[in-house]
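Working notes, beginning with the structure itself.
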Amino acid sequence: MIRNRRDFVACARARRHTAAGLLLQARLRCEVESACRAARVGYTCSRKIGNAVTRNRAKRRLRAAAAQVLPEAGRPGYDYVLIGRPGATVERPFDALLADLRLALEKVHAPARPRRGAS
């Protein structure tokens with residue numbers, strides 16, 4: 001589990017994908033797979049989500065989704081940060097939230113496309 005601000009900030013500078021129910025940030029923590037342990041995950045929900053009860057509910061839903069999806073779709077050596085979205089994380093059906101997380105993981109692990117105008 002990610003707990004240090006330094007790790008959250010490092011993930012904020014890495015790859016990301018916005019889905020309907022969440023925002024996923026993913027960062028490769030170590031290159032050598034044999035030296036890497038399991039994937040680490042962190043959760044955050046800002047005050048835009050709502051009061052403390054609503055934020056905690058959003059984080060519980062994100063934790064439950066990550067517990068189901070990351071063992072099959074996550075990669076060792078990665079740090080993942082799941083960020084709740086206002087009006088979506090709490091109200092979205094759980095099956096749709098799982099699908100959002102699977103899609104976001106596919107997108108952040110897809111090979112990077114070259115940027116436009118880069119020669």
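Positions are given from 1, in the same order as the sequence printed here.
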[X] versus [Y]: any side-chain heavy-atom pair under 4.5 Å?
X	Y	result
Cys45	Leu62	yes
Phe94	Gln68	yes
Glu72	Arg102	yes
Val41	Ile2	no
Ile83	Leu22	no
Tyr78	Arg29	no

Main chain of [Y], side chain of [X]: is a donor-acceptor contact present, judged purely on distance under 3.5 Å?
X	Y	result
Asp100	Ala19	no
Thr89	Gly21	yes
Arg75	Leu70	no
Arg15	Gln25	no

Can you establish whether the number of heavy atoms outside Lys107 located under 6.0 Å from its atom NZ is more than 12?
no
Are His17 and Tyr80 close enough that their ring centres sit under 6.0 Å apart?
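No, the ring of His17 stays outside the 6.0 Å limit from the ring of Tyr80, centre to centre.
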Atom pair OG1 (Thr44) and CG (Leu23), whose distance is rounded to the nearest 0.5 Å
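Reported value, rounded in 0.5 Å steps: 10.5 Å.
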Answer with yes or no whether the hydrophobic clustering places Leu98 together with Val90; edges join I, L, V, M, F, W, Y residues whose side-chain heavy atoms lie under 4.5 Å apart.
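Not linked; separate clusters.
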Report yes or no: do Leu24 and Phe8 belong to one cluster of Ile/Leu/Val/Met/Phe/Trp/Tyr joined by side chain heavy-atom distances under 4.5 Å?
no
What are the two closest non-hydrogen atoms of Ser46 and Arg55, and how far apart are they?
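Shortest heavy-atom contact: O-CD, 3.1 Å.
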Of the non-hydrogen atoms in Ala73 and Leu105, which two are nearest, and what is the gap between them?
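Closest pair (atom of Ala73, atom of Leu105, distance): CB-CD1, 3.7 Å.
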Stepwise salt bridge (charged side-chain N to carboxylate O under 4.0 Å, His left out) check, Arg40 with Asp7
CA-CA 10 Å; Arg40 296 188 311 173; Asp7 295 328; 3.4 Å; yes
